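Just follow the structure's listing: the first ligand is 1, and inside any ligand the first atom is 1. Computed over heavy atoms, backbone and side chain alike; hydrogens, waters and symmetry mates excluded. In this chain, residues are counted from 1 in sequence order. Since the structure is predicted, the reported quantities are computational estimates derived from the model, not experimental observations.
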Amino acid sequence: MDTKIPVCVEVCSKPLCTLKYQDIANKVLQILQKRQISFKDGILPFKDLTDDPEENKFILQNIEFIEVTDIEGSQNYNGIVLFWQADLRVTVYQLNDEGGAEEMADEAEEIPACKQWILPSTDFNGLWNSLVFEDDIKSNLLQYATTTMLFSDSLVNPQLINWNRVILLHGPPGTGKTSLCKGLAQKLSIRLSSRYPSGGQLIEINAHSLFSKWFSESGKLVMKLFSRIHEMVEDADSFVCVLIDEVESLTAARKSALNGTEPSDSIRVVNAVLTQIDQLKNCSNVVILTTSNITKAIDLAFVDRADIKQYIGLPGVKGRYTILLSCISELVRVGIIRDDEMIPSWHDSTAVKNEYALRLKVVAEKCEGLSGRALRKVPFLAHAFFVQQSWCTMDKFLDALGKAVDKESSVRAQLQESD
Ligand SMILES: Nc1ncnc2c1ncn2[C@@H]1O[C@H](COP(=O)(O)OP(=O)(O)O)[C@@H](O)[C@H]1O
Ligand SMILES: [Mg+2]
């Protein structure tokens with residue numbers, strides 16, 4: 001039995017590097033094999049890689065950074081894989097820095113109907129890693145999408161084995177659903193780069209914008225959008241992610257149309273979208289990602305079309321600790337927090353008795369009920385209200401963080417009372 005553990009090594013090459021991806025991959029593999037380091041999630045420091053001047057020159061000239069990913073999520077290896085255990089999978093890619101291009105929904109050019117990126121994009125660099133979920137949600141999603149692509153690519157007969165290409169993420173707002181879709185698209189485009197040489201694209205459709213005030217135009221808009229997507233999909237060497245964000249507005253529109261409170265045009269629009277999704281499902285190089293902030297009232301029409309319906313909930317105490325810690329690390333990086341000691345990750349903090357870790361845990365426990373989005377604001381509030389200096393120590397910052405959470409909780413309580 002093969003007991004090796006897959007380790008994904010993603011090599012981001014320099015924007016101007018013109019070497020073949022395969023040549024870079026081979027060289028990196030060779031360097032890693034020589035050095036026999038052990039692997040854990042994160043950026044591989046160049047200094048750990050080689051002391052050979054030739055190799056060093058190659059790295060500095062051609063490579064932006066090398067990242068090891070998804071060890072943590074895959075299973076429990078204490079987050080570290082020793083060299084001899086590792087089944088190295090090296091992928092090479094280049095980031096596209098063009099950013100998202102917006103397409104307008106109406107002639108008056110007021111509402112953006114969709115946004116489009118060439119993947120992998122600098123806009124989403126690091127996004128996947130910044131998202132914290134428990135229960136292997138990330139690795140399961142990635143595995144699901146990879147299986148989808150493999151089955152299509154191997155021409156598995158869809159009459160015999162049934163699968164769609166639609167993923168639905170649902171749950172309360174601010175829990176990272178939209179970000180997770182974008183991160184997944186980026187990740188897939190990196191992982192599948194050798195299979196799709198023309199590259200990947202992400203097209204984000206905001207469901208709200210499909211119902212502009214020019215209702216009669218909506219139908220046309222849907223057709224225009226999807227005909228563009230079909231054009232993109234026609235190139236079998238490219239890979240397309242379609243993100244339909246906040247599908248609950250489609251559901252809501254359909255419901256109120258049925259109740260007679262909205263023009264029946266909206267039914268036509270929703271049906272047009274559903275038909276288009278059904279057509280896209282037959283294309284092997286597409287993944288459709290959808291999100292909804294309302295869990296209970298998702299249109300069955302959407303639920304039925306999705307293979308994976310993943311609930312994304314509020315982060316638990318471990319997740320909250322990890323998110324706050326990532327904020328703290330960032331403030332340490334830029335020098336706003338200055339301290340000789342860094343707080344250990346949740347995993348390590350159970351092993352070491354560390355005073356800062358204990359204090360951060362107390363804060364994380366107090367943050368019950370806060371979404372990821374709310375948590376990422378707390379460090380800012382802590383500084384603005386309770387630090388008010390250009391830099392401070394960890395001790396002072398943790399203190400401020402606790403106060404900021406208390407303040408935030410009482411503000412929230414007041415808002416709820418006035419509801
Ligand atoms: N689980 C999470 N881990 C890390 N960051 C998160 C998480 N959930 C939300 N965030 C942060 O909150 C912000 C908003 O997330 P978003 O994807 O827009 O949420 P949603 O689509 O569920 O409303 C993102 O910038 C992200 O950094
Ligand atoms: Mg969202």
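- Within a 6.0 Å radius of CZ in Phe380, no more than 12 heavy atoms belonging to other residues, nucleotides or ligands are found.
- Interface atoms of ligand 1 facing Ser130, defined by a heavy-atom separation under 4.0 Å, are 3 (N), 4 (C), 5 (N).
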- Message: I'd like to know whether Asn354 forms a side chain to side chain contact (heavy atoms under 4.5 Å, CB included) with Glu341, so could you lay out the CA-CA distance, the side-chain angles of the two residues, the decisive distance to 0.1 Å, and finally the verdict.
- Response: CA-CA 10 Å; Asn354 178 292; Glu341 201 184 332; 2.9 Å; yes
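- In terms of protein heavy atoms, atom 22 (O) of ligand 1 is closest to Lys177 NZ, 2.6 Å.
- Of the residues listed (Glu248, His170, Glu246, Lys177), the one engaging Ser292 in a side chain to side chain donor-acceptor pair (under 3.5 Å) is Glu248, and it is the only one.
- Salt bridge Glu355/Arg359: present, at least one basic N to carboxylate O contact under 4.0 Å.
- For the residue pair Thr291 / Asp245, a side-chain donor-acceptor distance below 3.5 Å is found, with atom types taken as modelled.
- At least one N/O/S atom of Thr178, from backbone or side chain, sits under 2.8 Å from the Mg ion (ligand 2).
- Checked for salt-bridge contact, Glu330 and Arg333 meet the test: a charged N lies under 4.0 Å from a carboxylate O.
- At a heavy-atom distance under 4.0 Å, only side-chain atoms of Ile323, from C-beta outward, approach ligand 1.
- When only modelled atom types and interatomic distance are considered, Arg165 and Ser284 share no side-chain donor-acceptor pair under 3.5 Å.
- Protein heavy atom closest to atom 18 (O) of ligand 1, with residue, atom name and distance, is Arg373 NH2, 3.1 Å.
- For Asn140 and Gln310, the side-chain atoms include no donor-acceptor pair closer than 3.5 Å.
- No part of Ser326 comes within 4.0 Å of ligand 1, judged by heavy-atom distances.
- Side-chain contact, Thr69 with Arg191: a donor N or O sits under 3.5 Å from an acceptor N or O.
- The protein non-hydrogen atom at the shortest distance from atom 17 (O) of ligand 1 is Ser179 OG, 2.5 Å.
- Taking any N or O of Gly174, backbone or side chain, at least one lies under 3.5 Å from an N or O belonging to ligand 1.
- Looking only at protein heavy atoms, the nearest one to atom 19 (O) of ligand 1 is Gly176 N, 3.0 Å.
- Distance from atom 21 (O) of ligand 1 to its nearest protein heavy atom, with residue and atom name: Thr178 OG1, 2.7 Å.
- Considering both main-chain and side-chain atoms, Phe133 never comes within under 3.5 Å of ligand 1 through any nitrogen or oxygen pair.
- The nearest heavy-atom contact from the protein to atom 5 (N) of ligand 1 is Arg376 NE, 3.1 Å.
- The option with the heavy atom closest to atom 10 (N) of ligand 1, from among Gly313, Gly183, Gly372, is Gly372.
- For Gln36 (side chain) and Leu32 (main-chain N/O), no donor-acceptor pair under 3.5 Å exists by modelled atom type.
- Contact atoms of ligand 1 toward Pro173: 23 (O) (distance under 4.0 Å to a heavy atom of the residue).
- Ranking protein heavy atoms by distance to atom 1 (N) of ligand 1, first place goes to Val132 O, 2.8 Å.
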